[in-house]
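Structure first, commentary second.
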Amino acid sequence: MFTTVLVANRGEIACRILRTLKEQGIRSVAIHHHVDRNAPHVALADQAVEIRGATPAAAYLDAAAIIEACRATGAQAVHPGYGFLSENAGFAEAVAAAGLVFIGPDAGVMRLMGDKIRSREFARAAGVPVAPSVTREDDPAGFLDRAARIVGFPMLIKASAGGGGKGMKIVRSAGELAEAARIAAGEALRYFGDDRIYAERLIDRPRHVEVQVLGDGTGRVVHLGERDCSIQRRHQKIVEETPAPGLAPALRDAICRAAVDLASAASYRNAGTVEFVLAPDGAFYFLEMNTRLQVEHPVTEMVLGIDLVAEQLHI
């Protein structure tokens, strides 16, 4: 086990990780921008290091400064929490190159699952259900025609690098398709620096079910049940519930098995969440994988009595 861990985050998630480090008897290091010098996470840590930056966000995104803070404090590992650098493959690579441990998946898996087009292709190859879809990069000139013919209406136009509803448009007729694709690609480029888009079948009145997984990096993966996060506003989750209400045992098992199969095929290491959209007829389709601890993880912890941060450290 590590003797010292640096938490590369602030706020609630930093405090959450710091509490587990204390319970595990591990010395903790916090980082902070000057304006956060009196923040709760700074007081909770055994040691705190100020990271300079033009803005607080710039400080918490300064990978080189964070690695230097690890060297200065003797930290052997970095826990990124969620947000900031938690899904930044370049940061994970830099941490590993510095001889430190990134408490999360390796950079290659992070890049794979962070790309919605590549991750869908990977899921399909692993036998995980994926909604009918076409990508623009396969045939830019024929994208609109193929989307209308193969996916049909209603459909979703989505950004490959997107999230949180950015770069996503609902298309209900052929007359809306060209303009929706143009706007989605523009938003994708503006928000994510990547204008790749794809079209997939829109599931009306869906449920959103996600599965918490833990993997050891060798293909061995376990799931810790599912969470229903269907109650959303502007594609942002509001309520999480576990177990998901009203799922037949066979359907619950199938969804959780699909999540394990995907993570196992990727030799996933550490905590992650595989998300699915569930149609009213019981069909379910892979949506995306979050390669980090999620904001909603305490819902699973409260039901199962398992400390997911402690499990991350042990892995």
Side-chain angles (χ1 to χ4, degrees), residues 2-107 110-111 114 161-164 166 190-194 234 236-237 270-271 273 290-298 307-310 312-313:
F2 310 114
T3 58
T4 304
V5 172
L6 182 143
V7 180
N9 218 299
R10 65 175 176 182
E12 184 276 333
I13 184 56
C15 293
R16 162 74 190 86
I17 297 163
L18 289 164
R19 284 193 291 270
T20 289
L21 291 173
K22 188 176 294 291
E23 290 169 0
Q24 296 285 318
I26 299 170
R27 181 172 166 270
S28 61
V29 178
I31 59 169
H32 66 93
H33 184 271
H34 182 71
V35 299
D36 290 332
R37 63 192 181 280
N38 296 317
H41 78 283
V42 175
L44 273 176
D46 294 310
Q47 184 176 355
V49 177
E50 181 175 331
I51 304 292
R52 299 184 183 278
T55 64
Y60 293 101
L61 290 170
D62 191 334
I66 292 169
I67 291 171
E68 182 54 39
C70 289
R71 292 195 179 102
T73 59
Q76 302 143 312
V78 178
H79 197 307
Y82 47 67
F84 287 131
L85 293 167
S86 62
E87 292 181 282
N88 186 304
F91 178 59
E93 282 178 333
V95 169
L100 307 169
V101 176
F102 179 81
I103 299 176
D106 66 67
M110 201 179 293
R111 285 196 177 94
K166 299 290 193 303
R190 185 165 66 253
Y191 287 113
F192 310 110
D194 182 344
R234 297 178 182 172
Q236 300 294 326
K237 301 165 189 175
N270 220 260
T273 304
N290 294 137
T291 56
R292 55 173 168 77
L293 194 68
Q294 279 193 299
V295 177
E296 305 87 0
H297 76 275
D307 184 330
L308 286 173
V309 174
Q312 288 187 287
L313 295 167

- Message: Show the nearest heavy-atom pair for residues Asp307 and Glu23, with the distance to one decimal.
- Response: OD2-OE1, 3.8 Å
- Measure the shortest side-chain to side-chain distance between Val78 and Val5 over non-hydrogen atoms and say whether it is less than 4.5 angstrom. no
- Note on the structure: Value for OG (Ser86) from CD1 (Ile13), rounded to nearest 0.5 Å, stands at 9.0 Å
- Message: Return the CG to CG distance between Asp62 and Leu85, rounded to the nearest 0.5 Å.
- Response: 9.0 Å
- Note on the structure: Quick note, salt bridge (charged side-chain N to carboxylate O under 4.0 Å, His left out) partners involving residues 86-104, not counting sequence neighbours, are Glu87-Arg292, Glu93-Arg111
- Item | Pairs satisfying side-chain hydrogen bond (donor to acceptor under 3.5 Å, both in side chains), at least one member in residues 64-76, at least two apart | Thr3-Gln76
- Note on the structure: side-chain hydrogen bond (donor to acceptor under 3.5 Å, both in side chains) test vs Tyr82 passes for just one of Gln294, Glu12, Arg16, namely Glu12
- Message: How close do Ala48 and Val42 get, counting heavy atoms only, and between which atoms?
- Response: CB-CG1, 3.7 Å
- Message: For the CG atom of Asn270 and the CD atom of Gln312, what is their distance to the nearest 0.5 Å?
- Response: 4.5 Å
- Message: What I'd like to find out is whether the side chain of Leu18 reaches to under 4.5 Å of the side chain of Val7, using heavy atoms alone.
- Response: yes
- Note on the structure: Rounded to the nearest 0.5 angstrom, the CG-CD1 distance for Leu313 and Ile26 is 5.0 Å
- Item | Val309 and Ile103, any side-chain heavy atoms less than 4.5 Å apart | no
- Hey, are Arg27 and Asp46 close enough for a salt bridge, meaning a charged N less than 4.0 Å from a carboxylate O? no
- Message: Show the nearest heavy-atom pair for residues His79 and Gly81, with the distance to one decimal.
- Response: ND1-N, 3.0 Å
- Taking the side chain from Asn88 and the backbone from Phe91, do they hold a donor-acceptor pair closer than 3.5 Å? yes
- Note on the structure: Here the ring-ring contact (aromatic ring centres under 6.0 Å, His included) pairs for residues 29-78, sequence neighbours left out, are Tyr60-Phe84
- Query: Is Phe2 close to Leu21 at the side-chain level, that is, under 4.5 Å between some pair of heavy atoms?
  - Reply: no
- Task: For Ala310 and Gln24, work out which heavy atoms get closest and say how close.
- Result: CB-NE2, 3.6 Å
- Note on the structure: To the nearest 0.5 Å, atom CG of Leu100 lies from atom SG of Cys70 at 5.0 Å
- Item | Minimum-distance pair of heavy atoms, taken over all atoms of Gly74 and Thr4 | O-CB, 3.8 Å
- Search all heavy atoms of Ala89 against all heavy atoms of Ala107 and return the closest pair with its distance. O-CB, 3.5 Å
- Check: Asn9 side chain, Pro80 main-chain N or O, donor-acceptor pair, under 3.5 Å: yes
- Message: So, taking the atom named OG1 in Thr273 and the one named CG in Leu293, what distance separates them when rounded to the nearest 0.5 Å?
- Response: 7.5 Å
- Any Lys237 side-chain heavy atom under 4.5 Å of Val295 side chain: no
